[in-house]
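Taking it in order: structure first as structure tokens, then the write-up.
Note that these values count all heavy atoms, side chains included, but never hydrogens, waters or copies made by symmetry.
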Amino acid sequence: MKKLLITLIFVAQSALFAQINAVVSILPEMTFVKAIGGEHVHTSLMVQPGDEPENYEPKPSQMKDVMKAHVYFAIGVEFEEVWLKKFMNQNKNMIVVDVTKGITKIGMPTFMDTHKKMEEGHKDPHVWTSPKEIKIIALNIYNALADVDPAHQSYYKARYDAFLAKIDSVDQQLKEILKDVPHGTKFMVFHPAWGYFAKEYHLTQFPIQVEGKDPKPKMLAHIIDTAKKEHIKAIFTQPEFSDHVANVIAKELNIRVIKATPLAANWSQNLINFATSIAKDQR
């Protein structure tokens, strides 16, 4: 009888973790979790395509996903500062995992005023734009899934190893694409979301918008003057933001406006396309 009871408990536990319910904040993170979790993890997304993580508010249907979640993978984007505690209060059994654990955050550039250089402001949450940091994110995801669902640890480990190999492959492709781009080369962006990418490949992002604000007329004139001196050939804008100011600058400088979002689901091709655009402007 005791043996039968133990067997029934084991079967019940196996059924419980037949598929882990996970919630993530952004699309790239969803891709990472799926890469490692595969068929054993059902992943729900908070910030929907086209929306901004800075001020996102979950829909009622998404709150239901939180109620069913075994684990929430937090990545440090702005809306989590307001909502993560609410999620934890709603589902007290849900495990919250910080996938950026082990990553050294860098500051986001901030224009203090028209007479000062850019200084480091609050920490940049866009860690997933760097393959080196994606490796750390992947490790944190793997460890969490192995802890929550130890029965499928070997499955997660195999997929984790395969994902690491892909990250290395993408990194090599990026280095090859950027091999002729001089260290320190500046690229102009509307929103300063590419700092980790720039740091890893020895580049410098030159932001127009900082902390959600468009530049005032004097600062705009300073940006245009600096862009001329730096021989900027394109402006990268995100679909999630208005590109009005970027278009004004592009018209003044007679340069291209390129749409590029760090929130793309296909993170690898997205980084390759971004690097290719930067390299093209150096020819």
Side-chain angles (χ1 to χ4, degrees), residues 25-32 35 47 49-54 75-77 100 103 105-109 118 124-138 163-164 166-210 223 227 230-243 245-247 249-250 253 255-283:
S25 294
I26 56 171
L27 263 175
E29 192 184 11
M30 188 175 193
T31 303
F32 305 152
V47 182
D51 290 324
E52 303 171 23
E54 283 81 356
I75 200 166
V77 290
T100 69
I103 293 176
K105 300 285 184 69
I106 62 176
M108 291 188 77
M118 286 186 294
D124 186 350
H126 306 90
V127 294
W128 62 90
T129 62
S130 158
K132 181 179 71 174
E133 312 302 1
I134 293 174
K135 280 188 170 185
I136 297 175
I137 292 171
F163 188 47
L164 289 185
K166 179 175 181 178
I167 296 171
D168 284 336
S169 174
V170 171
D171 179 45
Q172 289 304 312
Q173 291 179 67
L174 294 172
K175 287 175 179 175
E176 179 64 25
I177 292 168
L178 297 167
K179 67 180 181 180
D180 295 325
V181 178
H183 285 195
T185 293
K186 289 186 177 180
F187 59 93
M188 180 176 275
V189 295
F190 179 70
H191 183 65
W194 300 91
Y196 295 91
F197 177 91
K199 181 180 179 182
E200 183 157 351
Y201 298 105
H202 311 290
L203 305 170
T204 303
Q205 65 172 346
F206 177 15
I208 300 170
Q209 181 215 45
V210 178
I223 289 172
E230 296 289 344
H231 304 291
I232 298 293
K233 297 179 181 179
I235 301 176
F236 293 93
T237 64
Q238 291 182 220
E240 297 84 14
F241 297 98
S242 167
D243 59 2
V245 174
N247 285 326
I249 294 174
L253 298 174
I255 60 178
R256 297 180 298 152
V257 175
I258 303 172
K259 294 286 187 181
T261 176
L263 297 171
N266 190 344
W267 67 273
S268 54
Q269 191 59 52
N270 194 46
L271 293 184
I272 289 169
N273 291 345
F274 191 75
T276 300
S277 296
I278 292 173
K280 182 177 180 181
D281 284 337
Q282 300 304 310
R283 294 171 187 169

Any side-chain heavy-atom pair of H126 and P192 under 4.5 Å: no
Residue pair T276 / I272, side-chain heavy-atom distance below 4.5 Å: yes
Using the test ring pair (Phe, Tyr, Trp, His ring centres under 6.0 Å), find all partners of F274 that sit at least two apart in sequence or belong to another chain. F187, W194, F197, F236
Nearest non-hydrogen partners of A35 and F163, listed with the distance: CB-CD1, 3.8 Å
Nearest 0.5 angstrom please: T237 OG1 to N247 CG, how far? 7.5 Å
For the atom pair NE2 (H191) and OG1 (T261), what is the distance rounded to the nearest 0.5 Å? 9.5 Å
Would you say the side chains of S268 and N266 form a donor-acceptor pair under 3.5 Å? yes
Heavy-atom closest pair (P131 atom, Y201 atom, distance to 0.1 Å) is CG-OH, 3.3 Å
For P262 against Q238, the heavy-atom pair lying closest together: CD-CD, 3.4 Å
For E54, give me all partners under salt bridge (Lys or Arg N to Asp or Glu O under 4.0 Å), at least two apart in sequence or on another chain. none
Rounded to the nearest 0.5 angstrom, the CG-CD1 distance for L253 and I235 is 6.5 Å
To the nearest 0.5 Å, atom CD of E200 lies from atom CG of D171 at 5.5 Å
Taking C-beta and beyond as the side chain, do L263 and W128 meet within less than 4.5 Å on heavy atoms? yes
Within the 4.5 Å heavy-atom criterion, are K199 and E133 side-chain neighbours or not? no
Is the shortest side-chain heavy-atom distance between K259 and D243 below 4.5 Å? yes
side-chain hydrogen bond (donor to acceptor under 3.5 Å, both in side chains) between N273 and Q269: does it pass, once the steps are laid out? CA-CA 6 Å; N273 291 345; Q269 191 59 52; 2.8 Å; yes
Closest heavy-atom pair, P49 versus L27, reported as atoms and distance to 0.1 Å, is CG-CD1, 3.6 Å
Taking all atoms of both residues into account, what is the closest heavy-atom pair of A279 and I177, and its distance? CB-O, 3.5 Å
Steps toward side-chain contact (heavy atoms from CB on, under 4.5 Å) verdict (L271, Q173): CA-CA 10 Å; L271 293 184; Q173 291 179 67; over 6 Å; no
Are K105 and T100 close enough that some pair of their side-chain heavy atoms sits under 4.5 Å apart? yes
Gap between atom CD1 of I278 and atom CG of L203 - 0.5 Å precision: 5.5 Å
Ion pair check, E230 and K186, cut-off under 4.0 Å: yes
Nearest 0.5 Å, please: how far is CD1 in I134 from OH in Y196? 12.5 Å
Taking every heavy atom of A193 against every heavy atom of Q205, the minimum-distance pair comes out as N-OE1, 3.5 Å
